[in-house]
Amino acid sequence: MGPTLNAVTAAAAKAVPRVLVTVAQVAGSAPREPGAKMLITQYHAFDTIGGGHLEMRATDIAREMLAMPLGEARAERRLERFPLGPSLGQCCGGVVHLAFERIMPEAGDHFATLARRWRDGQDSWRLISLDSVTAPALYDGGGALLSGPGPALLPKLGPGVACKVRVDERGKQWLVDSCLPYRRRLVLFGAGHVGAAIVRALAELPCQVTWVDERDDMFPAALPANVRVEATDTPEAVVAQADAGTTFLVLTHSHALDQLLSEHILRRGDFAWFGLIGSQTKRTQFERRLRERGISAERLNDMVCPIGLPGIKDKAPAVIAVSVAAQLLQVWEALDQAALPGATSAAPSASGTAATATPAECLS
């Protein structure tokens with residue numbers, strides 16, 4: 001919900017009338033997953049629920065709601081069903097249920113709290129009545145009520161379920177919707193041309209980036225919302241402080257610093273993935289030096305170097321950034337799949353790409 005939440009709070013600050021559209025349920029193939037959102041005002045739209053006729057129809061409904069007088073349930077909350085093939089001519093062929101929620105001025109505190117919790121890395125859940133204009137309730141990650149009218153405890157939806165429509169004993173419909181901070185964490189060392197390009201490529205992707213360099217003047221004044229800067233003379237301390245399951249990417253201006261960081265990362269052993277910019281020659285040199293410092297061959301196999309997807313030869317920073325961003329998405333999605341209930345195989349390490357020439361191979 002990150003980009004949409006930013007748009008909601010920005011619109012709230014200006015008292016702009018708006019409707020939040022959420023993909024509430026999906027049956028069969030659909031362009032977006034449950035929980036996907038877009039915000040619609042009279043003249044603008046933010047984010048997407050998949051484009052095409054579905055999004056055009058959602059925009060029409062939202063603006064129709066904005067034109068209606070307040071106080072009527074149909075002007076403030078709706079749940080609409082869209083068969084994509086028969087009614088909209090989209091070849092996905094599934095059925096999408098969209099929840100429409102007109103954001104009232106008095107909901108400003110609700111969304112400000114939600115945004116603060118999201119920035120602080122706290123899970124939140126919302127409970128929204130789809131049949132009345134009752135204010136939404138806000139819950140913490142454990143399901144305890146934080147604010148608004150609602151039961152004291154919100155039953156959990158189950159693993160991997162981020163959004164769902166529930167029907168109570170009176171037949172009333174409720175949207176249970178999550179607002180979860182990004183689970184994917186990347187610590188990126190190096191604020192040079194390639195590091196800056198990678199940060200730009202990741203700006204709108206679902207991840208949290210900690211960008212580390214000792215040269216404070218290398219960081220741009222304006223940063224993406226998902227990026228936090230760490231200007232420090234002891235970057236190895238950032239390695240030690242990172243959470244288990246963090247992704248590391250090392251591409252500093254110094255081979256000696258690259259080696260130091262590589263050693264600290266590999267000694268941890270609890271990272272999700274570790275990539276090091278450089279050529280196959282650099283990898284060979286680092287393997288020899290790190291073995292001399294007590295790093296096992298098995299642990300060295302967890303170091304991905306060169307980085308980037310195979311088959312892309314261009315060494316321009318922007319090209320490398322796209323290649324590495326795609327590689328990170330592959331890694332993160334594999335990890336997500338491996339974490340699902342019933343998963344039978346470990347997530348691939350993506351290290352199989354290391355022996356193939358990549359855009360970043362000769363830059364370090």
Side-chain angles (χ1 to χ4, degrees), residues 1-26 30-84 87-90 92 94-115 118 124-136 138 148 162-165 173-180 203-204 206 225:
M1 191 179 180
T4 309
L5 185 58
N6 292 337
V8 169
T9 52
K14 299 177 182 178
V16 176
R18 63 251 188 240
V19 172
L20 182 64
V21 182
T22 300
V23 178
Q25 290 185 178
V26 168
R32 290 296 305 273
E33 69 286 352
K37 292 176 174 59
M38 67 182 298
L39 184 73
I40 298 170
T41 70
Q42 190 62 47
Y43 301 107
H44 300 97
F46 305 88
D47 218 327
T48 178
I49 55 170
H53 289 173
L54 175 66
E55 194 162 296
M56 292 173 61
R57 185 72 186 105
T59 301
D60 290 343
I61 292 173
R63 290 178 176 157
E64 173 188 309
M65 292 172 65
L66 290 172
M68 297 172 67
L70 295 174
E72 299 180 21
R74 292 282 293 171
E76 298 187 26
R77 308 279 171 81
R78 295 190 190 184
L79 181 66
E80 302 282 355
R81 179 181 182 273
F82 298 92
L84 298 180
S87 66
L88 298 178
Q90 293 188 212
C92 297
V95 176
V96 175
H97 296 256
L98 297 180
F100 294 80
E101 177 188 359
R102 187 167 178 169
I103 308 299
M104 307 305 293
E106 55 268 25
D109 289 344
H110 171 85
F111 283 100
T113 300
L114 198 63
W118 186 85
S124 303
W125 292 82
R126 304 175 66 231
L127 181 65
I128 306 104
S129 170
L130 298 174
D131 300 306
S132 72
V133 296
T134 303
L138 181 62
C163 184
K164 189 174 184 179
V165 174
Q173 299 178 110
W174 300 82
L175 180 67
V176 183
D177 187 31
S178 64
C179 183
L180 310 177
E204 296 189 24

Legend entry - Residues that Thr59 engages under side chain to side chain donor-acceptor pair (under 3.5 Å), provided they are two or more places apart: none
Legend entry - His97: partners by side chain to side chain donor-acceptor pair (under 3.5 Å), with sequence neighbours left out: none
Inset, instruction - Can you establish whether the number of heavy atoms outside Asp60 located under 6.0 Å from its atom CG is more than 12? - result: yes
Listing, residues 66-76 side-chain donor-acceptor contacts under 3.5 Å, not counting sequence neighbours, or none:
| unit_1 | atom_1 | unit_2 | atom_2 | d |
| --- | --- | --- | --- | --- |
| Arg74 | NH1 | Glu80 | OE2 | 3.4 |
| Arg74 | NH2 | Glu80 | OE2 | 3.4 |
| Glu76 | OE2 | Gly71 | N | 2.8 |

Legend entry - Nearest-0.5 Å distance that lies between atom CG in Leu138 and atom CZ in Phe111: 9.5 Å
Inset, instruction - Verify whether one side chain among Glu101 and Thr22 offers a donor that lies under 3.5 Å from an acceptor in the other. - result: no
Legend entry - Heavy-atom check, side chain of Val23 versus side chain of Cys163, under 4.5 Å: no
Inset, instruction - Name all residues meeting the side-chain contact (heavy atoms from CB on, under 4.5 Å) criterion together with Thr134; count only those two or more places apart in sequence or in a different chain, and write none if there are none. - result: Ser129, Ser132, Pro149
Legend entry - Arg78: side chain to side chain donor-acceptor pair (under 3.5 Å) partners, not counting sequence neighbours: Glu64
Legend entry - Asp177 vs Lys37, side-chain contact (heavy atoms from CB on, under 4.5 Å): CA-CA, chis, key distance, verdict: CA-CA 11 Å; Asp177 187 31; Lys37 292 176 174 59; 2.8 Å; yes
Legend entry - For Ala162, side-chain contact (heavy atoms from CB on, under 4.5 Å) partners two or more places apart: Ser178
Legend entry - By salt bridge (Lys or Arg N to Asp or Glu O under 4.0 Å) - contacts of Arg63 (at least two apart): none
Legend entry - Counterpart residues, side-chain contact (heavy atoms from CB on, under 4.5 Å), relative to Ala24 (two or more places apart): Leu79, Ala99, Val165, Leu175
